[in-house]
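In the text below, chain A, chain B and the rest are named by the order of the sequence lines, each starting its count at 1.
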Amino acid sequence: MITDARALRPEYLPRELHHREGPIQHLTAVLKPLSQGYSAENILLTGPSGAGKTTLARYVVERLEAQTLAVRSGYVNAMSESTAVSLLYRLLRETGLGADLRPEGIPQGEYLSRVRASDDELVWIIDEVDVVTEPALLEALYEQPNLTLLMVTVDHNDLLSSVDQRVASRLRSAEHVRLEKYTHDELVDILSHRADAGLKPGSVPEDLLSQIAETAAGDARLGIALLRQAARHADREGGKRLSTGLLREIESEARDDVENLQVAHLSTHQRHLFDLIREHRNLSAGDLHELYEGRVRAPKSKRTRRRYLDSLERYDLIEKRGAKRSTRYVYER
DNA sequence: CTTCCACCGGAACCGTGGGAAA
DNA sequence: TTTCCCACGGTTCCGGTGGAAG
């Protein structure tokens, strides 16, 4: 049944993007000066999860790079790089400017001079830019004359107030491209393109796609995870066609898939905190700290735990409710 | 209504370790 | 080699604040 598993994986970059014609045009227009050797505005790309932000950014930049000799690009997810230096290192490697660099022990300035030394215009995609903790880093990047930033983040309305002042002002000054959730019909269409690319023709009934789209509620990442799990399940059972009744069975597996992508980035102590909250579903701050201290051999300080909990919240793995003495940490699902 | 204090989060500080300069 | 520098991952300190208890 599965003819090309890659097409169902989360990182797959399709050859054509559907239902994003407007944003594609917008982004392309903002980046256009680069193809004529001029510099372009920095860009902030926002939208809810599963709206295709990352895919869109990579798609547009890849096309630009293919059409223009003097443009090079790099992509990084700020979530998975804990420090400024590791983020710069990764980006330089991606851009093809750091093959000879080692990952540690080099001052920031050295990396930045690499950027300036390049004859090409550079476009860097920084995914989840709101977790960049060092404001000085973005400022420094802004000052590089031949560097255009394409910053990607979820569209929390509280975003600009929650991040550092200096970061916020950088984000505000960038050209803003906003993505909406996919509609039901758009998502059905996207899923059927993926099914065509990855599954035997005719193996997915139309009404199953519609159900998946319904469950995913505009979130393409979840929709594709559902499709992938449905196909795997059917494959295991030796079925030739995905059945409509399948969805309830595989929904939680698909949601686990999406969650596991995030959990994979956690350190062991972050993981302990997350596991406790997931086990208990809902814990007061006091209880959580007590449980954590009982479970872990060398507990981190309270302040450090709060930082970990912050990052869990940014990953959308947990939710913090209430304030002050009635703070609770909640896991839903 | 007032008081208390658990919790949050900013800021300053610290020990370690690798690299570069002397 | 020794010394200096700097990033990193933490901790310590502390002021603000709003729920909860009195």
Side-chain angles (χ1 to χ4, degrees), chain A residues 76-93 97-117 124 126 128-141 143-144 153 156-171 263-274 276-277 280-331:
Chain A
V76 75
N77 187 322
M79 276 302 187
S80 43
E81 306 300 327
S82 56
T83 71
V85 165
S86 67
L87 189 141
L88 283 171
Y89 172 75
R90 163 54 60 81
L91 278 167
L92 281 170
R93 297 285 300 220
L97 297 174
D100 56 320
L101 286 176
R102 269 161 295 108
E104 304 286 325
I106 297 167
Q108 258 187 51
E110 184 128 348
Y111 290 102
L112 294 171
S113 64
R114 286 286 179 118
V115 172
R116 251 164 308 170
W124 279 359
I126 304 181
E128 317 278 2
V129 69
D130 55 303
V131 310
V132 172
T133 48
E134 281 147 284
L137 174 64
L138 279 189
E139 296 195 286
L141 294 179
E143 279 160 25
Q144 308 305 312
T153 185
H156 289 149
N157 34 12
D158 62 333
L159 174 69
L160 288 182
S161 57
S162 69
V163 301
D164 182 280
Q165 286 282 318
R166 292 144 80 194
V167 175
S169 87
R170 294 308 184 189
L171 297 181
V263 172
H265 290 122
L266 302 180
S267 72
T268 54
H269 285 264
Q270 288 174 319
R271 188 66 200 269
H272 277 122
L273 289 166
F274 174 64
L276 282 168
I277 297 165
H280 293 80
R281 321 296 291 185
N282 186 326
L283 280 173
S284 71
D287 291 347
L288 174 61
H289 286 302
E290 199 175 319
L291 286 166
Y292 168 84
E293 281 160 20
R295 174 173 294 196
V296 169
R297 17 53 204 216
K300 302 291 182 189
S301 74
K302 280 224 174 79
R303 184 66 188 93
T304 300
R305 286 175 234 167
R306 270 179 248 133
R307 271 199 249 282
Y308 289 167
L309 291 165
D310 271 356
S311 68
L312 293 179
E313 206 185 3
R314 278 199 300 260
Y315 276 97
D316 281 326
L317 289 171
I318 63 164
E319 203 181 312
K320 188 166 80 179
R321 294 199 189 141
K324 303 290 175 262
R325 306 183 64 142
S326 64
T327 309
R328 305 192 70 82
Y329 294 95
V330 182
Y331 174 85

Atom CD of A:Glu81 and atom C1' of C:dG9 are separated, to the nearest Å, by 16 Å
Quick one: is C:dC8 close enough that its OP1 or OP2 comes under 4.0 Å of any side-chain N or O from A:Thr83?
yes
On a plain distance test, is the side chain of A:Arg306 in donor-acceptor contact with the base of B:dG10 below 3.5 Å?
no
A:Glu290 side chain reached by A:Arg295 side chain, heavy atoms, under 4.5 Å:
no
Starting from P on B:dG9, measure out to CZ on A:Arg314 and report it in whole angstrom.
11 Å
Mind calculating the distance between CG (A:Leu309) and P (B:dC7) to the nearest angstrom?
12 Å
Got A:Ile126 and A:Leu141 here, is their nearest side-chain heavy-atom distance under 4.5 Å?
yes
Report yes if the side chains of A:Leu266 and A:Leu317 come closer than 4.5 Å at any heavy-atom pair, otherwise no.
yes
Report which part of the nucleic acid A:Lys300 touches: base, sugar-phosphate, or nothing (heavy-atom distance under 4.0 Å, all strands).
sugar-phosphate
Mind checking if A:Gly322 touches a base, just sugar-phosphate, or nothing, with heavy atoms under 4.0 Å?
nothing
Within the structure shown, what part of the strands sits under 4.0 Å from A:Thr327 by heavy-atom distance: base, sugar-phosphate, or nothing?
sugar-phosphate
Using atom CG of A:Asp287 as one end and atom C1' of B:dA6 as the other, report the distance to the nearest whole Å.
13 Å
Heavy-atom side-chain contact between A:Leu288 and A:Leu273 under 4.5 Å:
yes
Rounded to the Å, how far apart are A:Leu137 CG and C:dC8 P?
10 Å
How do A:Arg307 and A:Tyr329 order along DNA chain B: which one's closest nucleotide is nearer the 5' end?
A:Tyr329
Compare the minimum distances between each of C:dC8, B:dG9, B:dC8 and the side chain of A:Asp310, then state the nucleotide with the smallest one.
B:dG9
A:Leu112 has an atom CG; how far is it from atom P of C:dA7, in whole Å?
11 Å
For nucleotides 18-22 of chain C, list the nitrogen or oxygen atoms of the protein found under 3.5 Å from its nitrogen or oxygen atoms, one pair per line.
| from | atom 1 | to | atom 2 | distance (Å) |
| --- | --- | --- | --- | --- |
| C:dG19 | N2 | A:Arg325 | NH1 | 3.2 |

At under 4.0 Å between heavy atoms, what does A:Thr304 touch on the DNA or RNA strands: base, sugar-phosphate, or nothing?
base
Aromatic centroids of A:Tyr331 and A:Phe274 separated by under 6.0 Å
yes
Check the distance between C:dA7's P and A:Tyr89's OH and give it to me in whole angstrom.
18 Å
Any non-hydrogen side-chain atom of A:Arg90 less than 4.5 Å from a side-chain atom of A:Asn77?
no
Nearest-angstrom distance from the residue atom NZ of A:Lys302 to P of B:dA6
9 Å
Less than 4.5 Å apart, any side-chain heavy atom of A:Arg328 and any of A:Leu283?
no
